[in-house]
Colleague: 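Dropping the structure in here first, questions after.
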Amino acid sequence: MSTAYALIDCNNFYASCERVFDPTLKNRPLVILSNNDGCVIARSGEAKELGIPMGIPEFKARPLIKKHNIAVRSSNYALYGDMSNRVMETLRSLTPNLEVYSIDEAFAELSNRLTGSFWDYGVEIRERVLQWTGMPVSVGVAPTKTLAKIANEYAKSTPEREGVMVLGSNQVIEKVLRQTPVDDVWGIGRNYSKTLREHGIETAFDLRNQPDSWVRKTMKVTGLRTVWELRGRSCLEIDETTEPRKGILSSRSFGKTVTDCRHLKEAVASFTERAAEKLRAQYCVASNISVVLVTSKYQNPGSKYKFGLEIHLPNPTANTPRLTKISGMCVEQLFEPGRHYKKAWVMLTGIIPQQEVQRDLFSESSYDNKDYSLMESLDAINQKFGKRTMMTAGSGIDQPWQMKQQFLSRRYTTRWDELPEVR
DNA sequence: TCTGGGGTCCTAGGACCC
DNA sequence: TCTGGGGTCCTAGGACCC
């Protein structure tokens, strides 16, 4: 193996973050709920063993939670985001070629190492991250990213591996692929795995042995890449760049259903505010904004429950008041009395770097220097004094639609007033 | 009663151009 | 009856990821 990829993945990331700052949670089963406390989105190892499934609605899990005295937390993204940065910085101290793939995983490219030393490298990563951040991680090493994912999974589920697995020789790869259910392969989701199983393809090993033409036909080029990667031919490279996002979405379910237009406009205004903030954080402007209002899809199954509108902005902008005004007009058009709204979202697309904006000489509404410095001060104030210190009046003060967060832990690392205390 | 919030890539098909 | 051949751009929708 001359070039190899490592996948470093935090174990039960959200649960581990909570534990770093609250030792009473050690060894106790723990679940983390989605925004709005709707579903279980993360579980500690103990909670998994007790049979709490991923994604289950909280009310369905409640009997088990009671029975086993499982600890419950609302998701605390301020805390998780900060912990994630610490882990990634630690990884960068050990490997220059790092691709941060998600909040809790990163790929590293390892060139010119001897097979023997991959294992040592994995152990070193684990030890350093644990020591510097308190976060347990697992490491999988293999000739391709797809195989590194599988190696990582194997390291996690096989305690004897002590959190590190190297897939080097063909014999070992084959043995592990035979044990890997096809739906555990990266890139194979619910739909494809159903199709594959209908064709008698049960394991990663079976999938690897399918002819290219059939794979291409049933799973398109992305599927073919997956199969080649399983065969050890690398098709996916390390991507270290952080390109600007192509779309920025801000959405929330409401704490309780919203039926009046004013509150709906407030909610959408505040989502617009957040989206615009993200947009400016990457020094970009948007050329389109779309607003979607959502009612319950469970209430009248099959009937329409999403109502959306997209507006093209002749002059791309990142100006919050301007965007808020447009999204408010969308709400007015979409709103129908009598509907019970559960959720809304605001999406910004057609995103281009600020400097590349075509100036429109005859219009005052382009994103000019005055706009820019106003927004810059707004962001600076909110960063210094906390979110929503300054906001547009349209986003409402009382915000009755705010999400439920009954079990929120403190933002230990990002708020002075919520630092952990030692007695 | 109660069901998350972000993202990516690919493809097909239509509009439109020369 | 016969009815070009190529291209681009955009959108909607479907698949996937964490």
Colleague: For B:dG4, does OP1 or OP2 lie under 4.0 Å from any side-chain N or O of A:Lys342?
Modeller: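 For B:dG4, OP1/OP2 do not have a side-chain N/O of A:Lys342 under 4.0 Å.
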
Colleague: Measure from CE on A:Met219 to C1' on C:dC16 and round the result to the nearest Å.
Modeller: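 Those two atoms, CE and C1', are 11 Å apart.
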
Colleague: For the aromatic rings, using the six-membered ring if either is Trp, is the centroid distance between A:Trp186 and A:Tyr192 under 6.0 Å?
Modeller: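 No, the ring of A:Trp186 stays outside the 6.0 Å limit from the ring of A:Tyr192, centre to centre.
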
Colleague: A:Ile103 near the nucleic acid: base, sugar-phosphate alone, or nothing, with a heavy-atom cut-off under 4.0 Å?
Modeller: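 The residue A:Ile103 makes no contact with any strand.
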
Colleague: Is there a donor-acceptor contact under 3.5 Å linking the side chains of A:Arg231 and A:Thr144?
Modeller: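 On atom types as modelled, these side chains do not qualify, holding no pair under 3.5 Å.
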
Colleague: A:Phe254 has an atom CZ; how far is it from atom C1' of B:dC2, in whole Å?
Modeller: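 The answer, rounded to whole Å, is 17 Å.
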
Colleague: Stem ranges for DNA chain B, with three or more consecutive Watson-Crick or G-U pairs under 3.5 Å?
Modeller: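 Stem segments, range with range: B:5-18 with C:5-18.
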
Colleague: Give a yes/no on whether any side-chain N or O of A:Ser253 is located under 4.0 angstrom from OP1 or OP2 of B:dG5.
Modeller: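 Indeed, a polar side-chain atom of A:Ser253 lies that close.
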
Colleague: Taking atom types as modelled, find out whether A:Glu160 and A:Thr158 have a side-chain donor-acceptor pair closer than 3.5 angstrom.
Modeller: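 Note: A:Glu160 and A:Thr158 side chains miss the donor-acceptor criterion.
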
Colleague: Is A:Ser251 close enough to B:dG6 that one of its side-chain N or O atoms is under 4.0 Å from OP1 or OP2 there?
Modeller: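 For B:dG6, OP1/OP2 do have a side-chain N/O of A:Ser251 under 4.0 Å.
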
Colleague: Can you check whether A:Arg62 has a side-chain N or O nearer than 4.0 Å to OP1 or OP2 of B:dT1?
Modeller: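 Checking B:dT1 against A:Arg62, no side-chain N or O comes under 4.0 Å of OP1 or OP2.
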
Colleague: Between A:Tyr80 and A:Glu18, do the side chains contain a donor N or O and an acceptor N or O under 3.5 Å apart?
Modeller: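 Side-chain D/A pair, A:Glu18 to A:Tyr80: present.
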
Colleague: With A:Lys145, which of A:Glu237, A:Glu229, A:Glu99 fulfils salt bridge (charged side-chain N to carboxylate O under 4.0 Å, His left out)?
Modeller: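 So, applying the salt bridge (charged side-chain N to carboxylate O under 4.0 Å, His left out) to A:Lys145 and each of A:Glu237, A:Glu229, A:Glu99, only A:Glu99 qualifies.
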
Colleague: Base, sugar-phosphate or nothing for A:Lys149? Non-hydrogen atoms, less than 4.0 Å.
Modeller: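 Here A:Lys149 touches the backbone only, sparing every base.
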
Colleague: Could you check whether A:Lys343 gets within reach of a base, just the sugar-phosphate, or nothing at all, counting any heavy atom under 4.0 Å?
Modeller: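 Answer is sugar-phosphate: A:Lys343 comes under 4.0 Å of backbone atoms only.
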
Colleague: For A:Leu230 versus A:Ala204, what's the shortest heavy-atom pair and its separation?
Modeller: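 Taking every non-hydrogen atom into account, CD1-O, 3.9 Å.
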
Colleague: Do any side-chain nitrogens or oxygens of A:Arg225 fall under 4.0 Å of OP1 or OP2 in B:dC9?
Modeller: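 No, no such contact exists.
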
Colleague: Could you report the tightest heavy-atom contact between A:Ala151 and A:Gly140, atom names first, then the distance?
Modeller: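 Heavy atoms only, the tightest pair is CB-CA, 3.7 Å.
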
Colleague: Please give, in whole Å, the distance from C:dC16 P to A:Lys220 NZ?
Modeller: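 Atom-to-atom, A:Lys220 to C:dC16, this comes out as 12 Å.
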
Colleague: C:dA15 P sits how many Å from A:Asp183 CG, rounded?
Modeller: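 In whole Å, C:dA15 P lies 16 Å from A:Asp183 CG.
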
Colleague: Examine A:Phe107 together with A:Tyr101 and report whether their ring centres are nearer than 6.0 Å.
Modeller: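 Between A:Phe107 and A:Tyr101, the centre distance is under 6.0 Å.
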
Colleague: Looking only at side-chain N and O atoms, does A:Lys278 come under 4.0 Å of OP1 or OP2 in B:dG6?
Modeller: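 Checking A:Lys278 against B:dG6: at least one side-chain N or O falls below 4.0 Å of OP1 or OP2.
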
Colleague: Once you round it to whole Å, what is the distance between C1' of B:dT8 and CZ of A:Arg245?
Modeller: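 From A:Arg245 CZ to B:dT8 C1': 9 Å.
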
Colleague: Among B:dG4, B:dG7, C:dC18, which nucleotide has an atom closest to any side-chain atom of A:Cys39?
Modeller: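 Minimum distance to the A:Cys39 side chain belongs to B:dG4.
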
Colleague: Starting at atom CD of A:Glu277, determine the distance to atom P of B:dG6, rounded to an integer number of angstrom.
Modeller: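 Checked: the CD to P distance equals 13 Å.
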
Colleague: When you measure from every atom of DNA chain C, which of residues 185-193 of chain A have a heavy atom less than 4.0 Å away?
Modeller: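 Per residue number, the list reads A:Val185, A:Trp186, A:Gly187, A:Ile188, A:Gly189, A:Arg190, A:Asn191, A:Tyr192.
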
Colleague: Hey, which of A:Glu153, A:Lys156, A:Glu105 is the one that makes side chain to side chain contact (heavy atoms under 4.5 Å, CB included) with A:Ser138?
Modeller: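 Output: one option passes, namely A:Lys156.
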
Colleague: To the nearest angstrom, how far is A:Ile41 atom CD1 from C:dC18 atom C1'?
Modeller: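 To the nearest whole Å, that distance equals 10 Å.
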
Colleague: Can you name the closest pair of heavy atoms from A:Ala155 and A:Val139 and give their distance?
Modeller: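 Smallest heavy-atom distance, with atoms named: CB-O, 3.9 Å.
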
Colleague: Does A:Asp104 reach a base, just sugar-phosphate, or nothing at all? Heavy atoms under 4.0 Å.
Modeller: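 Contact class for A:Asp104: sugar-phosphate only.
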
Colleague: Specify the separation, in whole Å, of atom CG of A:Leu33 and atom C1' of B:dG5.
Modeller: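 For the pair A:Leu33 CG and B:dG5 C1', the rounded distance is 14 Å.
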
Colleague: Quick check on DNA chain B: between A:Ser250 and A:Phe59, whose nearest nucleotide comes earlier from the 5' end?
Modeller: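 Whichever sits nearer the 5' end wins; that is A:Phe59.
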
Colleague: Base, sugar-phosphate or nothing for A:Gly223? Non-hydrogen atoms, less than 4.0 Å.
Modeller: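 No contact.
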
Colleague: Between A:Lys246 and A:Thr257, which residue's closest nucleotide on DNA chain B lies nearer the 5′ terminus?
Modeller: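 By nearest-heavy-atom nucleotide position, the 5'-most residue is A:Thr257.
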
Colleague: Quick one: is A:Arg252 getting a side-chain N or O under 4.0 Å of the B:dG6 phosphate, OP1 or OP2?
Modeller: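 A:Arg252 to B:dG6 OP1/OP2: side-chain N or O found under 4.0 Å.
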
Colleague: Answer yes if the ring centres of A:Tyr121 and A:Phe118 are under 6.0 angstrom apart, and no otherwise.
Modeller: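 When the ring centroids of A:Tyr121 and A:Phe118 are compared, they turn out to be at least 6.0 Å apart.
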
